[in-house]
Structure formats: structure tokens, C-alpha cells
Amino acid sequence: MAEFEMVIGLEVHCELSTASKIFCGCSTKFGGEPNTHVCEVCSGMPGTLPTLNEKVVEFAVKTGTALNCEITRKNKFDRKNYFYPDLPKAYQISQLYFPICRNGKVEINTSKGTKYIGIHEIHMEEDAGKLVHDPFSGKTMVDFNRCGVPLLEIVSEPDFRSAEEVIAYLEKLRDTLQYLGVSDCKMQEGSMRADVNLSVRPVGTTEFGTRTEMKNIASLKAIGRAIEYEFERQCDVVEAGGKISQETRRWDDEREMTYTMRSKEDAQDYKYFPDPDLMPIEISEEYLENIRANMPELADAKRERYINELGLPEYDAGIITGSTSLVKVFEKTVEICGNAREASNWILTDLLKLCNDAHIAHDEMNFRVESLGEIIKMVTDGKINRKSGKKVLAAVFEEDVNPAEYVEKNSLAQVSDLGAIEPVIKEIIANNEKAVSEYLGGNEKSLQFFIGQSMRQLKGKADPQAVRETVIKLLNELR
Ligand code: ADP
Ligand code: MG
Ligand code: ZN
């Protein structure tokens, strides 16, 4: 029996994090009361005209530049016509003939090594609304808040040969778009959605098989499972001598299977034509230069720099650069405390533990970004000890307290001034003659006894180093 391989191409939709929609001034904010972010334009009233939000073009060009694409200098928008209740105009404004970016490539890393995935194109378009099915009344309602939220559709070449590659690519896209600040790419909120096109063919052949498309799968885990299931299903059909029909299938994550949704439309079914309401967009060389010159440092470059210039272990650098929220905390912390290793240790051990214990995602952390650096500085300056530092961090994490004020209020400051330490130690020495003579007779253990007693008397707030030195000094004066 022939062995099969999977061939996959992805269409990924990302909602752009512009403040307003693509063709009107309505807010793009997620989670508003239904139908409160709408106007005549995005609800498709006859006679209204779209006005392009320039920011969308900027975000598209930035994305295309980061994904090594050619930027189309003369672009325009086209109408994709279809009727559906979440699309009040009965057409979506998109780009068919001149997408803004083409011919890019993305490097991914998997257990099999490094590989490039081709980007066929990236185009700009508007999102549709959302249908909400109410199981109690049996009615379906429509929320137009999402209508007109700007999207980039990133279409890959059919270059994937495993679920692992697909997931590595999606993570890479997510990192890149987040670093660029163009999309938050939250799959659980639908701001990043992937359609998976999959076909099978005997290993060693070059022709593509007929593909099916699985739409809008809601998480990376589910995408992995859907791919494995659909691959097996197609192999079974082909091995039994059957034919795959080109169709859209839906993945049911609970039942762990795909089923037919509809047979696939072709481009001609949409009767595309250039949108007469929008002017063509011409992108100048100057505009491109300016964007290239102002590209932020992306994840890979940052990770390399953390390892080579800041001396972080590869593992630490990977964890921190895997999340733009951690990067933000890390860079501010280093700026304040001047010590990259300390900063990454505190983030990897203490901060991530707080996140885990509270089941809080990195991007949900909510405290003044300067706080961690200030805590570390207090510890390394000997102002508080490490244990108190952890206590302060927990309070910062939970209630966003000001570290210095918290230390003051809870009297966590270490006593390192000798005026406070010496009298306490002197008294302990005076009260423990036996231990003194043991120490002077050469018993090192008695030293620990004095240090322990002193720390206890000073309620753990004394600087251990200062206590140790003072104990030794005072005991030696008795020789
Ligand atoms: P459509 O416009 O119908 O969505 P496209 O030609 O734009 O189709 O391709 C959509 C996606 O499907 C692309 O990511 C492409 O790489 C992928 N694709 C095309 N043919 C195949 C195939 N035979 N097997 C797997 N993926 C494919
Ligand atoms: Mg498609
Ligand atoms: Zn609007």
C-alpha cells in the first residue's frame, strides 16, 4: 500500500488593532454591547460611502515587510459579492486582483529543522458581523459590531507537510504581528483565525490532490487534532478507491471529527469587481523607506541579542521573547536594575509562578511595568532581602502596590546600619558566656549560633552580611 503525505496551505485572518474600523470611524473594541459600535457606513445603509483608514495600509505594509513580501505599489479594493445575514451590504470589500503584499516567506523551526514557508499573498479586507444563536428562544440575532473591523488575510503556499509545521508557522505569525503591534492575535477572541486547506498524495509524487478546507478552528491544539483527523479520513477515502470532493468541512472539537459544511465556491461565484467607491492606493518609495527604517526588532533578532549581548541562557531568552508582555517587563526591568540575569531569573522563577498560580495569562498581568526593576534594585542594594523582595512582588502582582511604599508600610527594610545592629549583638554576647568561650576555643558552630540569635532578635530584617561581620568583629575583640 502507498504511503501518503499531507499537503497543507493556510489562510489566516488577523484583525488589526487600529482604534477605528477600516472604512468608518466606529470603534473596533472587542466585547462591546451588541450593535453599539455601528454607523450608517458599517451597517451598510444605501447611499453611504467608505473612507479608507490609512492605518490599515501602514499595518499591511509593515506585516508584508516583516514577512519578506514584495509590496504592491498600485493597489485597489474589490467587491466580493455574497448574501449572508452578517454582511449587511451583501458584499465584502476585499482585494482580489492587486493584493497589497505578494511572494513572501517565513522561516519556521520544528523538530526536523529549519524550513521556509512561502507566502502567496496578503490582502486587506473588512470583517463581517457575528450571528448569535440563542438556544432558549431558538432565534438567531446579529451583532454588527465586528462589521468593518480591518483584517489582513495571509495566504500561504501549500508548503506544509505536518501539523507541527502548521503550528510553528502560526506561532511565528502571531509573534511577528504582536511585535509589530498590528494585531493582538488572540485565537480565543477570534482576532486570529486559520482556515486549513488539506490534501493528500502518495509520497514521492509531485501533483497535488483535491483539497478540503476547514474553517475557523479556534485554537492551536484543535488545529493539530483537526489536521490529524482529516489526513486519516482522506487517506482512507483514497485507499478505498474513492475521490475527495472539494468542499468546506467543519471541525467539531468535541466529537473530534470533521463534517461537510458546504461544497466550495469558486472565485467566479463571488462576481468580484473593482470597488467603484474607493480610490486606488499608490504607495510611494518614500513611504516604503520610512516603514523599513522604522521596523521594530522582531522576536528572532531579540532572542539572539538577549543570548549574545545580555548573556541570557537560550532557554530564558526563548521564554521571554515568546511573549511581548514578558519582553516589556524584562526590558524595563533591565533598564532600571541594570542586571539582565537577575531580571530574567526573577521573571522565570517568581513572576511566572505568580501567573501560573493565579491562572493569569502573560498579557493579563496588570501592574506598573517599573515595579519589578525597583524591587530587584532594592534587593541588590541590600535595602530588603530576597525573601522580602518576593513578598513585595506578590503584592505588586495582586494589587499593583508601589514597591517602595509597601516596604515602608510593612517595615520590610533591612537593618544594615550598625548603630541598630551592634547593641543587639553585644547583648547576646554578654548573655552567652559559654558559647563565647567555645567560639574563642575554636568551635566554628558557635558563630552560627550568634548569627542565628541576632537575626531572630532583629526579626529577620537585618542584612545577613552586616550581622555576620559584626558578630565576628565583636567576638574577636574579646580575644
Ligand atoms: P481559494 O481562493 O479558493 O481560497 P486559493 O487558491 O487562494 O483558494 O488557495 C487557498 C489556500 O489553499 C492556499 O493557502 C493554498 O496554498 C492552499 N491550497 C491550494 N491547493 C491546495 C492543495 N491541493 N492542497 C492543499 N492546499 C492547497
Ligand atoms: Mg479560501
Ligand atoms: Zn461604522
Side-chain angles (χ1 to χ4, degrees), residues 11-60 72 75-100 121-134 139-155 183 189-193 195 213 215-216 248 261-281:
E11 294 158 281
V12 177
H13 286 91
C14 297
E15 280 182 3
L16 296 180
S17 37
T18 53
S20 58
K21 294 185 178 181
I22 182 169
F23 299 122
C24 64
C26 291
S27 163
T28 57
K29 240 197 169 69
F30 178 78
E33 281 294 301
N35 298 310
T36 54
H37 302 163
V38 286
C39 69
E40 302 84 335
V41 175
C42 57
S43 60
M45 298 293 174
T48 57
L49 288 172
T51 313
L52 177 63
N53 180 348
E54 233 184 293
K55 207 78 188 163
V56 175
V57 177
E58 181 192 323
F59 283 6
T72 308
N75 311 216
K76 56 191 188 50
F77 286 99
D78 305 298
R79 286 188 184 180
K80 180 177 180 177
N81 299 282
Y82 65 97
F83 173 76
Y84 204 66
D86 63 9
L87 189 72
K89 295 196 299 296
Y91 62 85
Q92 176 193 30
I93 304 179
S94 179
Q95 294 191 290
L96 177 73
Y97 303 105
F98 298 98
I100 187 154
E121 65 168 73
I122 304 176
H123 58 257
M124 304 177 283
E125 59 186 28
E126 57 180 337
D127 211 345
K130 219 184 221 166
L131 294 181
V132 184
H133 307 283
D134 179 2
K139 286 181 180 150
T140 295
M141 291 164 290
V142 66
D143 177 5
F144 288 147
N145 282 354
R146 205 176 63 182
C147 269
V149 168
L151 292 177
L152 289 185
E153 178 172 345
I154 305 173
V155 183
S183 172
E189 288 183 7
S191 61
M192 180 173 178
R193 318 192 282 266
D195 301 344
E213 181 176 17
K215 278 207 171 293
N216 295 340
T248 301
M261 203 160 101
R262 57 180 143 92
S263 64
K264 174 105 180 98
E265 300 88 351
D266 278 324
Q268 70 241 28
D269 296 332
Y270 292 120
K271 299 186 172 65
Y272 275 99
F273 64 88
D275 192 299
D277 291 340
L278 285 153
M279 301 286 276
I281 310 153

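This one's a predicted model, so the numbers in the text were calculated from it and none came from an experiment.
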Ignoring hydrogens and geometry, is there a side-chain-to-backbone donor-acceptor pair from Asp78 to Tyr97 under 3.5 Å? yes
May I ask you to test the Phe77-Ile281 pair for a side-chain heavy-atom distance under 4.5 Å? yes
Any heavy-atom pair between the side chains of Phe23 and Leu278 that's under 4.5 Å? yes
Leu87 backbone acceptor or donor facing Gln92 side chain under 3.5 Å: no
side-chain hydrogen bond (donor to acceptor under 3.5 Å, both in side chains) partners for Asn35, two or more places apart: none
Got a salt bridge between Asp86 and Arg146, using NZ or NE/NH1/NH2 to carboxylate O under 4.0 Å? no
For the residue pair Phe30 and Ser191, establish whether any side-chain heavy-atom pair is separated by less than 4.5 Å. no
Between Asn145 (side chain) and Gly31 (backbone), is there a donor-acceptor pair under 3.5 Å? no
Pairwise distance CG(Leu96) to NZ(Lys80) - rounded to 0.5 angstrom: 9.0 Å
OH/Tyr272 to OG/Ser94 distance, rounded to the nearest 0.5 angstrom? 5.0 Å
Once rounded to the nearest 0.5 Å, what's the spacing between atom NZ of Lys271 and atom CG of Asn81? 8.0 Å
Interatomic spacing from NZ in Lys21 to OG1 in Thr51 - rounded to 0.5 Å: 14.0 Å
Close side-chain approach of Val41 and Leu49, heavy atoms under 4.5 Å: no
I'd like to know if the side chain of Thr28 and the backbone of Ala19 have a donor-acceptor N/O pair within less than 3.5 Å. yes
For Tyr84, does the OH atom sit with more than 12 other heavy atoms under 6.0 Å from it, leaving out its own atoms? no
Taking only Lys NZ, Arg NE, NH1 and NH2, and the carboxylate oxygens of Asp or Glu, determine whether Glu15 and Arg193 approach each other closer than 4.0 Å. yes
Grab the two heavy atoms, one from Asn75 and one from Pro99, that are nearest each other, plus how far apart they are. OD1-C, 4.3 Å
Minimum side-chain heavy-atom gap Asp275-Lys76 below 4.5 Å: no
Could you tell me which non-hydrogen atom of Glu126 sits nearest to which non-hydrogen atom of Ile93, and how far apart they are? OE2-N, 2.8 Å
His123: partners by side-chain hydrogen bond (donor to acceptor under 3.5 Å, both in side chains), with sequence neighbours left out: Glu121, Glu125, Glu153
Take atom CD of Glu40 as the centre, draw a 6.0 Å sphere, and report whether it contains more than 12 heavy atoms from other residues, nucleotides or ligands. no
Among Pro50, Cys24, Pro88, which residue satisfies the side-chain contact (heavy atoms from CB on, under 4.5 Å) criterion with Cys42? Cys24
Contact between Val149 and Ile22 at the side-chain level, heavy atoms closer than 4.5 Å - yes or no? no
Asn53 side chain to Ser20 main-chain N or O, any donor-acceptor pair under 3.5 Å? yes
To the nearest 0.5 Å, how far apart are CZ in Phe144 and SG in Cys26? 12.5 Å
Does the side chain of His13 reach to within under 4.5 Å of the side chain of Asp127, using non-hydrogen atoms? no
For Lys55 and Leu16, run side chain to side chain contact (heavy atoms under 4.5 Å, CB included): C-alpha distance rounded to whole Å, both residues' side-chain angles, the deciding distance at 0.1 Å, then the answer. CA-CA 9 Å; Lys55 207 78 188 163; Leu16 296 180; over 6 Å; no
